[in-house]
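Just so we're clear, the structure is a prediction, and the values are computed from it rather than from any experiment. In what follows, chains are A, B, ... by sequence order, proteins preceding strands, each numbered from 1. Below, each value reflects all heavy atoms present in this structure, side chains not excepted, and no hydrogens, waters or symmetry copies.
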Amino acid sequence: MEVKINNIRKEFDRFAALNDVSLNIASGELIALLGPSGSGKTTLLRLIAGLDFPTAGQIFFGEEDASRHSVQERNVGFVFQHYALFRHMTVAQNIGFGLKVRPSASRPPKSEIKKRVSDLLDMVQLSGLENRYPNQLSGGQRQRVALARAMAIEPRILLLDEPFGALDAKVRKELRRWLREFHDRTGHTTVFVTHDQEEALELADRVVVMSQGKIEQVGSADDVYDRPQSPFVFSFIGESSHLPVEVKDGAVLFQGQPIGISEGADAAGDLFFRPEDVVLTDEKDALFGKVTACRRLAGTRIAEIDIANNGHDPFHVEVEVPLHAPVELGSEARFRPTRWKIFRK
Amino acid sequence: MSDNRRISFRNPADESFSTKLVLVALSLAFLAFFLFLPLVSVFVEAFREGWGTYEEALVEPDAWAAIQLTLTVAAIAVPLNLVFGLAASWAIAKFEFKGKAFLITLIDLPFSISPVISGLVYVLLFGSGSLLGPWLKSYGIEILFAVPGIVLATVFVTFPFVARELIPLMQDQGTGDEEAALSLGASGWQTFWYVTLPNIKWGLLYGVLLCNARAMGEFGAVSVVSGRIRGLTNTMPLHVEILYNEYNMVAAFAVASLLALLALVTLALKTFLELRFGAGAAGGRH
């Protein structure tokens, strides 16, 4: 099911949680809404589900204006952050709930419900646990029960709110892979919310980066990592440092001095670069500062460098240095960005 | 610990044996003196002249009328407060609206004002000098010094019990389960019936038990509005006082023992619920 979000605005007590948000989701796509807390990502998910209603704007499921319909009529599968399993019902009763509450005309007979529940349990690899209660399950198992319960109503789209947020790191990675396979197998249009960029980048076809109620950028993992379109995306996705620079006659100047890199049109702005896109150099035209810390980070070594700022607080940047040649603490390091982006002011 | 040396490590939050002993002895002595002794004396006094006199005191027409009235009043007041308590705590726990804090304060009002005032309020509202009283009387409806007045006063005094029990429970549970049910296609009623009610049923039952205990035992507010007409508007607590004032000790304590028994049954039921369904089930927050 294709989903179209047109100029959605959502206010809570005059505070705009979402401001003129538009997004097209293709049928069968796996989309991540990524952003810090307060960016409006969960609000957007709840609006798609019909758990909240927009102040302005529309949401289309295919050709149908879903924003006129209640949550029951929209027929979406929603997996809640803390699963919201019914604690007084067994696993099987939880999964069958959506079928049991249907009006008698469309409600499948009991035997059919039982079969569907058992098929779904197979699908989420929890066969044999139908008579357990939620508090007898591990976090990962609860998560899968919640997913099976949402799938039981044959939803048109699947919505997941921080699906792995409450799990420990190892289970999270397993489930992540499992969800990707599950999605590829069932082909549902799926939207999930996360604040974990690793999760978003690894799992999703496209990532929607959000900040302060707005969409900053929509794109593949490569797009948002390699071609960030705003200072927010550059600093939110991955590691980065930034410095105020000027561009004059094609040369990039920091504190009035050339730093050995060039750019097109003249302007003032912020120079963004990632720690790994930096080379140490001995040349005169370069950035330089004092090494304040040098730490091992998985397969790399990161040096923290303070660049003097005319008596104000120094600029703080991070650069990757060769693993086998650590820089000395307190020494001066000279470096140049090899890949960068200047966002004009 | 497999080590046999005589070094024992104590849990830092634990106390020494003598401290425990003193604390336990103190609270037991306190309970014995202030609770157990009076309770026992009620039953001792009631049975002082044997089972026959005890039975006589209870089946005596005025006493029997008082028992019936008390049961009737509780049978009306408790369901009313059940519905009110559910509605109020539902509104407070699940929705945001203006004046919520004020509503919570209002619900607590009967706890904080003297029961006598609760009764007087209805005298002012429905008494002969009021606007409502004579108007209702002209239609033949008696409120004061009649059963409706007693029911009103009892409802007023007991209405916080269910709501107070449910509000923290429902706030704690939040709206996640309800949203899940709705997203799965359940209607509002189905959500309430299959999801909300099972989640709160023990808290609800506990609130109802407390509410019932108070409804049967209420003295102050009821005594103001009842008029104490023997055999007509006398509830059990009022009847006990009348008998006592007439120096009819055995009869007074006989009716009192029945009231105490009701309280004990309530207490036993509550304990049973807590044992059966764990500490979290019966709530117990005040």
Practice task
Heavy-atom distances under 4.5 Å only: say whether A/Leu85 touches chain B with side chain, backbone, both or neither.
Solution key: backbone
Practice task
Flag the one option from B/Gly174, B/Gly176, B/Ala181 with the top tally of heavy-atom pairs under 4.5 Å to chain A.
Solution key: B/Ala181
Exercise for the section: Enter the distance from B/Thr191:OG1 to A/Phe97:CZ here, rounded to the nearest 0.5 Å. Expected result: 6.0 Å
Exercise for the section: Rounded to the nearest 0.5 Å, what's the gap from NE2 on A/His82 to CG on B/Asp177? Could you check? Expected result: 12.0 Å
Problem - Other residues, nucleotides, ligands: >12 heavy atoms within 6.0 Å of A/Arg68 CZ - result: no
Practice task
With rounding to the nearest 0.5 Å, note down the distance linking OH in B/Tyr194 to CE in A/Met89.
Solution key: 8.5 Å
Handout entry: Nearest-0.5 Å distance that lies between atom CG in A/Leu159 and atom OG in B/Ser183
Key = 9.0 Å
Fill in the blank from the handout: Honestly, the part of A/Ala150 sitting under 4.5 Å from a heavy atom of chain B is backbone
Handout entry: Donor-acceptor contact present, side-chain A/His88 to main-chain B/Val195, <3.5 Å
Key = no
Handout entry: A/Gln212 atom CD: more than 12 heavy-atom contacts under 6.0 Å
Key = no
Completion exercise
d(B/Leu184 CG, A/Ile95 CD1) to nearest 0.5 Å is 11.0 Å
Handout entry: Beyond-backbone contact of A/Arg46 with B/Glu179, side-chain heavy atoms, under 4.5 angstrom
Key = yes
Practice task
Mark yes or no for whether A/Gln72, through its side chain, and B/Ala186, through its backbone, hold a donor-acceptor pair below 3.5 Å.
Solution key: yes
Exercise for the section: Evaluate the side-chain proximity of B/Pro198 to A/Phe86: yes if any heavy-atom separation is below 4.5 Å, no if none is. Expected result: no
